[in-house]
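Heads up, the thing below is written out as structure tokens.
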Amino acid sequence: MQNTNTLQTSNRVLVVGGGLGGIRTALDLAEAEKDVILVDKAENIGGLMTQLDRTFPTNNCDLCTLAPNLSESGRQEHISLLSMTTVQGVTGEKGNFTVSLKSAPRYINLDKCTGCGACYEAFPECVRFSPGLDHRAPTCMRYPQAIPQAYSIELDKCQDIEALVKSCPAGAINPDDLGSSGEISCGAIVMSPGASLFDPSGIDYLGYSEHPDVVTSLEYERILSASGPTSGQLLRPSNGEKPKKIAWIQCIGSRGLQKGAAPYCSGACCMFALKEAMVTKERFQEDIETTIFYMDMRTFGKDYELYYQRAKDDFGIRFIHSRPHSVLRQPGAEKLEMSYTTDESSKLITEEYDMVVLSTGFRVGDDVRDLALKLDIELNESNFPVHSGLNQIATSRPGIYVAGTFQGPKDIPETMVQASAAACLAGKDIASPKKSPDDQPLLPPEKHVVGEEPKVGVFICDCGENIGGVIDVEALVERVGKLPHVVVAQAEGHGCSRESMDHIRSTIKEMGINRVVIGGCSPRTHEAKFQDLIRQEGLNKYLLEMANIRDQVTWVHALQPEKAVKKAEELIRMAVGAVIKAQPLVEHSLPINKNVLVVGGGVTGMTSALELAEQGFKVYLAEKSPDLGGIARDLRKTLEGDDIQAFLGSLIEKTMANENIEVITGAIIVDHSGMPGMFTTGMQVGRQMFYRQIEHGVTILATGAMPNRPSEFMLDECKEVVTQIEIQTLIEDQPETVRQWENIVMIQCVGSRTKENPNCSRICCQNAIKNSLRILEINPDARIFVLYRDMRTYGFQEEYYQKAREKGVIFVRYHQDNPPQAISVDDKVEVTFTDIILGKEIVVTADCLCLSTGLVADQDSTEELAMTFKLPRTHDGFFLEDHVKLRPVDLPVPGFFVAGTAHSPKTISESLVQARAVASRAQTLLAKEHINLGATTAKVDSTRCASCLICVRACPFDVPFINADGYSEIDPAKCHGCGICATECPAKAIQLMQFEDDQILSKLEQLFEEVVG
Amino acid sequence: MENFEPVIVAFCCHYCAYTAADMAGSQRLPYPSNVKIIRVPCSGKVDALHITKAFEKGADGVYVAGCLDGDCHFKNGNDKAAKLVTYVQNYLEEIGLEPERLEMVRISAGMGDRFALIATEITEKIRKLGPSPIKTVAA
């Protein structure tokens, strides 16, 4: 802990907790040029995610992508990281907090430790390097990308301290380290300490304490992990044999059912179990049987329902709607015996399993609760922070914000969104420090490689199991090492880990390499990182090629390892062929336009606009309809009882009053051009359709979704049939009608989770609960039937579901293939449905049939906008983000962001979190003075140009022109880099840099090297 | 012929088809390893030279994969690519090569499943056509 006593400026944010969320908050703030202190109690940052083998819904490991970002030189200047450090107390108020911190002794000087491992080899007993060998305690796990890249010592376990000190070649061990404590100042605090997991030891009928083959889902994750106790081999803890039958039991410690269970739903466990079962199936195919015992499958996230369907249909995972009665093992028996009943009969079924996985839910840890009390923030009965109104991120104490699983149970994408939103709010409480030009990171001068003999270094990742599990990386390395011009080929483990990156750098230096090939993942995600790496070693960024042997080889050809290895070799050969033709290129940059265009004037768009306007940015808020407010205009109250109209009214007022916001209603976007940092968007405005153009640096899409209105159950034919939005209006405006109702039937998933619209609308289950509870408030004698497929009241919504059941709302499950039937009889609706448990048909004569129709994408408008802005959409018409976990609100086109229901269906408070997250993400761009345009531009060889004008006509952006010398000229600042002119030029006088013809032809030659030669 | 494994070159645009190929990977949707992808910024960057070179070197099939109609990141590069493909198909016919060995396809970034399906279908089609006559002559 260095010099924190002397750093007294409060012009920065303290982030507590270095898990995924804390890292995201810190990075967002740092990229927006704000200073951050990141403290974590653990030896290395990374949090819970470092223990996960894979993460849904992409089923890959993403820590590798996220963690090394922290070490990137450009950001380090804004982030100071204090590991093994805890918060002792906080005084002061928003804008000026004083926080006392205490750091435990590491006994290792971080500045000196190189992470070489010599101390661990000599004294394994007292050096913390436990790769999670005990499957029950997967703590202290060291992962290859650990930051800080350093060990720590447990001095009390050491017998010979002197010898330990001597074992370190770097002289980094300091037995006199007493740790440190001190005070720091900050303007805002973001709490992202994460959650703990429920300990099922106390539930005797599950046998967790007695049977080693009963494990928690996190323990199972460790068993699957390559860095886990069995090196990634799936083996039964009891006898070390491979299991044949595995069962998952959901909702352990959640949804208030067993001893010590929490009242809420943990939200992420259904997807977690699906992922584990899918990964298991993927590895062992027909050899293994996987069964999930569930109460309700809660796959409510974006495209999560499709993931569930894939698990069921493509992977053959078995789903049983039941809570098992007990897990036993008969004396002397090998297998576990599980008894359960199903919906269809009361008969007890007993099955044998080799392993049982308990899906344990999230808890607030005792240490986190104590921390929250020290910070004096109000907690609810489950020890989660109480939030004020619709803002989930704000705590009861101004200036202290919360994100991630401590805010409430959630998965990674939602944690990332909250983390960005917290960065937005905390960043507002402090001023941006002024930047001096000297702050630019120093890079070594570029080496001259033109004319030099190509010396190629090939570095191949195994990416854990992702590549190494399918092909033999060492054998591949040996083969490509023999290619011409390749001076070195080596395996790099996780190439993007700090250790490997350092290794690649030192190899480049030692071997005098002047061109680099990375065999690993997609250039789409990792090219920039490796370009930065070689630039730090003095090589031009464009002397790099990536062979995509993960996303496009091992992930798709996992079942044909021989073919996979052959293709991987071909791709690397092609990359080598192209890189030896590569030339150093110069990048262009232009000043950034700091105005923002927000499309969509609902609650999301207005909130984003306000957050950015309050930070001093000029915002154009374009709304298609004549008024602001969007779908929220039709909504009255949230499940929690917040008054939406009051909130909306004040939001509109604030938006209209803010002088940095120009509201443009009746605006239809018609054209768009430019590039990030300098967009021009044209729109037709108002009744007269006046055309106007707006110049802006970033674009935020908050265009919302539409209430679905399928022609089912006589909707729009029979006046007694209404939607959830309509019944809500009836409840509030015509309570006397509602008071006369005797029977009300609600049908869930109408128009959702069907063949036509396979996704879950997320909001309907809580809507049904909300409206049921409201009906009972004004008409306590009403009988309400909710016919559902899975009740998806995730997180704290579960408590309202519980309340509705207590108040007598009758919930009846139906199967998709046997839906309820409704006919109109006089002024009533006769609803017929099958009660699965009774096995009988039931007829209810309802005064009102209410359909939960959910939200769908506004296909017409998202299609238009996607075409104008060149943005991808999902199958069901929502905008498709760049990366579902790591960049959940960034769109693939740089400078574009998406928030609210234009992303996927969600509640108002969830939309507001995204609204603030995009404001934070936008600031990471707007804080910069210049935007890098890259080097991929077209270049004319004037000696070959015949001034034929073909390029002038071919260019989609009218960039080429014939200059005074009579030759075609292309302004690199205007060129978009498509290469169409290069294709059409008959004299081949134009080349597109980075994609020159000789590079492409060289790839082809290398590919067919063997085939013909 | 039965064990014939065609080599197919797919020129994929960075914004749509290449992203769709990565998407197929992250969804673990298998397709034949015969398809080798060359990334280009836009399908409009694919030159007649690149396509004919691929056939000359021994490709049994080639396809150019761009964005869906109207979705091109560069306005109309995909339409230009489609025109070029038709043009080169005629040329292939003139020199005695089946024009079906070359194809233009359109995929959006989110369509991992469509990418895998097209790769599978084209591989099967080329497998039925047999080895490229150019290769037979060269051998």
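In the text below, chain A, chain B and the rest are named by the order of the sequence lines, each starting its count at 1.
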Could you tell me which portion of A/Val553 (side chain, backbone, both or neither) has an atom closer than 4.5 angstrom to a non-hydrogen atom of chain B? neither
Evaluation steps, ring pair (Phe, Tyr, Trp, His ring centres under 6.0 Å), between A/Phe896 and A/Phe869: CA-CA 9 Å; A/Phe896 277 84; A/Phe869 293 131; 5.1 Å; yes
Below 4.5 Å, heavy-atom pairs only: which of A/Asp314, A/Leu880, A/Asp997 has the largest tally toward chain B? A/Asp997
So which of A/Ala558, A/Pro523, A/Ala578 has the largest heavy-atom pair count under 4.5 angstrom toward chain B? A/Pro523
Test of understanding: with side chain to side chain donor-acceptor pair (under 3.5 Å), list the residues that count as partners of B/Ser33, not counting sequence neighbours. none
Quick one: what part of A/Pro956 sits under 4.5 Å from any heavy atom of chain B, side chain, backbone, both or neither? both
Looking only at B/Asn76, B/Thr19, B/Val9, B/Leu29, the option with the highest number of non-hydrogen pairs under 4.5 Å against chain A is B/Thr19
A/Leu274 and A/Ala311: which non-hydrogen atoms are nearest, and at how many Å? CD2-CB, 3.7 Å
Please determine whether a side-chain nitrogen of the Lys or Arg among B/Lys125 and B/Glu121 lies less than 4.0 Å from a carboxylate oxygen of the Asp or Glu. no
Would you call A/Glu569 and A/Lys566 a salt bridge, taking side-chain N to carboxylate O under 4.0 Å as the test? no
For the CZ atom of B/Phe115 and the SG atom of B/Cys12, what is their distance to the nearest 0.5 Å? 4.5 Å
Would you please go through residues 36-50 of chain B and name the residues with a non-hydrogen atom below 4.5 Å from one of chain A, in numerical order? B/Lys36, B/Ile37, B/Ile38, B/Arg39, B/Val40, B/Pro41, B/Cys42, B/Gly44, B/Lys45, B/Val46, B/Asp47, B/Leu49, B/His50
Side-chain heavy atoms of B/Pro30 within contact of A/Trp555, under 4.5 Å: no
Find the one option among A/Lys563, A/Arg524, A/Met867 whose heavy-atom pairs under 4.5 Å with chain B are most numerous. A/Arg524
Reported CG-to-CD distance for the pair B/Asn34 and B/Glu5, which is rounded to 0.5 angstrom: 4.5 Å
Are there residues of residues 84-108 of chain B that reach to under 4.5 Å of chain A by heavy atoms, and which ones? none
Counting heavy-atom pairs under 4.5 Å with chain B, the top scorer among A/Ala564, A/Ala954, A/Ala866 is A/Ala954
A/Glu527, CD atom: more than 12 neighbouring heavy atoms under 6.0 Å: yes
Side-chain heavy-atom pair A/Asn759, A/Leu306 within 4.5 angstrom cut-off: yes
Check whether any side-chain heavy atom of B/Arg127 sits under 4.5 Å from a side-chain heavy atom of B/Glu124, and report yes or no. yes
Chain A contact via B/Cys67 - which portion, at a heavy-atom distance below 4.5 Å: neither
Part of B/Asp69 lying under 4.5 Å from any heavy atom of chain A: backbone
Let's test your reading of the structure: which of B/Cys16, B/Ala81, B/Ala59 forms the most heavy-atom pairs below 4.5 Å with chain A? B/Ala59
Residues of residues 978-991 of chain A near chain B, each having a heavy atom less than 4.5 Å away: A/Cys978, A/Gly979, A/Ile980, A/Ala982, A/Thr983, A/Glu984, A/Lys988
Without swapping roles, check the side chain of A/Lys567 against the backbone of A/Gln552 for a donor-acceptor pair under 3.5 Å. yes
Chain A heavy atoms under 4.5 Å from B/Ala116: which part of the residue, side chain, backbone, both or neither? neither
Are the side chains of A/Lys1003 and A/Glu545 in contact, using a 4.5 Å heavy-atom criterion? yes
Taking side chain as everything from C-beta outward and backbone as N, CA, C, O, which of these in B/Tyr15 sits under 4.5 Å from a heavy atom of chain A? Side chain, backbone, both or neither. neither
Nearest atoms (heavy-atom pairs only) where A/Ser522 meets B/Tyr18: OG-CE2, 3.7 Å
Which heavy-atom pair separates A/Gly674 from A/His976 by the least distance, and what is that distance? O-CE1, 3.7 Å
Is the shortest heavy-atom distance from the side chain of A/His526 to the side chain of A/Met546 under 4.5 Å? yes
Report yes if the side chains of A/Ile970 and A/Lys939 come closer than 4.5 Å at any heavy-atom pair, otherwise no. no
Check whether B/Lys75 gets within reach of chain A through its side chain, its backbone, both or neither, counting any heavy atom under 4.5 Å. both
Gap separating the OH atom of B/Tyr31 from the NE2 atom of A/His557, nearest 0.5 angstrom: 5.0 Å
Best-contacting candidate, A/Leu571, A/Leu871, A/Leu1001, against chain B by heavy atom pairs under 4.5 angstrom: A/Leu1001
Given salt bridge (Lys or Arg N to Asp or Glu O under 4.0 Å), test B/Lys57 with A/Glu1009 step by step and report yes or no. CA-CA 8 Å; B/Lys57 286 286 165 187; A/Glu1009 181 85 331; over 6 Å; no
Is any side-chain heavy atom of A/His903 closer than 4.5 Å to one of A/Leu891? no
